[in-house]
Every structure is written in structure tokens, then in C-alpha cells.
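Positions are given from 1 along the sequence.
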Amino acid sequence: MSEQSWPVRIRAEFAQRVLDLRHQHPGVLASLDQHMTAVKHAIAELGERVGPVSLLAYLIGYWDGAREKGWRAPGPDQPLDFPTLRMSAVCLMLDAAAEPA
């Protein structure tokens, strides 16, 4: 699988559910905002610019780490968890980074 298809795969697997919920539940939007801030901070601490390349690297690394620890995307009837919200926030950031300035 190419690196370019990672955000598409993650979005299809679970993130779209989270992104759809953000419009119905303000708490989800607030949580996504907090995750986006934390991701920006983590990338900046590495001395990198927050952009498509660093966001994609973060997303792949976070996905791999979560899967190695046994994480699986929650099903439709399960509550949202930290990794799901974190990776969904990165998907939003990648969407924003892809938009023309």
C-alpha cells in the first residue's frame, strides 16, 4: 500500500464516523481540536514544520504503534477512544493541509 493511500484507508476504516459525529456532538469537536493542538506541538518539538509530509509520517507512526499495542478501531456501537480521536484529528489536519492556500 502506498503512503498516499494511508489517510484514505484510515478514513474509510473508522475516521469518517468520527468526522461525521463532530457536527452532532460539540464534545467531539472540542476533543478533535485538543488532539490537533497536541499533534502540532509534537511535530514542532521534533523541529519539523507541520505540513502534509510530517502529518503523514505522524499518522503512519501512530497507527503502527497503536496496532503493535493491540489497538483495533472501535465498532459502530463502541465508544470513541483516544487513538481513534487522535488519528481522526490528523486526518482533518491532512485535509486542511491539502487545501489550496
Side-chain angles (χ1 to χ4, degrees):
M1 174 177 304
S2 74
E3 287 185 6
Q4 300 243 335
S5 65
W6 269 86
V8 173
R9 175 182 173 198
I10 289 172
R11 187 180 281 281
E13 189 162 324
F14 66 89
Q16 192 58 51
R17 174 178 152 227
V18 176
L19 300 178
D20 290 344
L21 285 173
R22 70 189 160 141
H23 299 295
Q24 301 166 8
H25 302 285
V28 171
L29 184 58
S31 182
L32 288 170
D33 285 343
Q34 291 174 346
H35 281 280
M36 285 187 263
T37 299
V39 169
K40 288 176 189 175
H41 182 73
I43 291 171
E45 278 192 339
L46 295 173
E48 296 183 28
R49 185 179 77 72
V50 176
V53 172
S54 61
L55 289 168
L56 185 59
Y58 184 96
L59 182 61
I60 292 170
Y62 197 94
W63 171 269
D64 287 344
R67 299 290 282 199
E68 285 174 9
K69 293 177 183 175
W71 174 84
R72 297 294 180 260
D77 298 330
Q78 296 175 313
L80 300 175
D81 59 8
F82 188 94
T84 300
L85 289 166
R86 178 60 56 104
M87 289 185 276
S88 297
V90 177
C91 285
L92 277 176
M93 295 170 74
L94 280 164
D95 288 349
E99 292 175 3

Trainee: Just jot down the salt bridge (charged side-chain N to carboxylate O under 4.0 Å, His left out) partners of Arg72, sequence neighbours excluded, or say none.
Mentor: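 Checked Arg72 against salt bridge (charged side-chain N to carboxylate O under 4.0 Å, His left out); zero matches.
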
Trainee: To the closest 0.5 Å, what do you measure between CG (Asp33) and CG (Leu29)?
Mentor: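 Answer for the CG-CG pair, Asp33 versus Leu29, is 5.0 Å.
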
Trainee: With heavy-atom distances below 4.5 Å as the criterion, would you say the side chains of Trp71 and Met87 are in contact?
Mentor: yes

Trainee: Report the distance from atom CG of Leu94 to atom CG of Leu56, rounding to the nearest 0.5 Å.
Mentor: 6.0 Å

Trainee: Roughly how far, to the nearest 0.5 Å, is CG of Asp64 from CG of Leu59?
Mentor: 9.5 Å

Trainee: Does some side-chain heavy atom of Tyr58 sit less than 4.5 Å from a side-chain heavy atom of Val39?
Mentor: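 Yes - at least one pair of side-chain heavy atoms lies under 4.5 Å apart.
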
Trainee: Does the side chain of Val50 reach to within under 4.5 Å of the side chain of Met93, using non-hydrogen atoms?
Mentor: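 With C-beta onward as the side chain, the pair touches.
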
Trainee: Can you name the nearest heavy-atom pair linking Leu85 to Leu32, along with the distance?
Mentor: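 Shortest heavy-atom contact: O-CD2, 3.5 Å.
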
Trainee: Are Ile43 and Phe82 grouped together when hydrophobic residues (ILVMFWY) are joined by side-chain heavy atoms under 4.5 angstrom apart?
Mentor: yes

Trainee: Quick check for you: to the nearest 0.5 Å, what is the distance between Ser88 atom OG and Leu21 atom CG?
Mentor: 9.5 Å

Trainee: Are any side-chain N or O atoms of Ser54 and backbone N or O atoms of Arg49, one a donor and one an acceptor, separated by less than 3.5 Å?
Mentor: yes

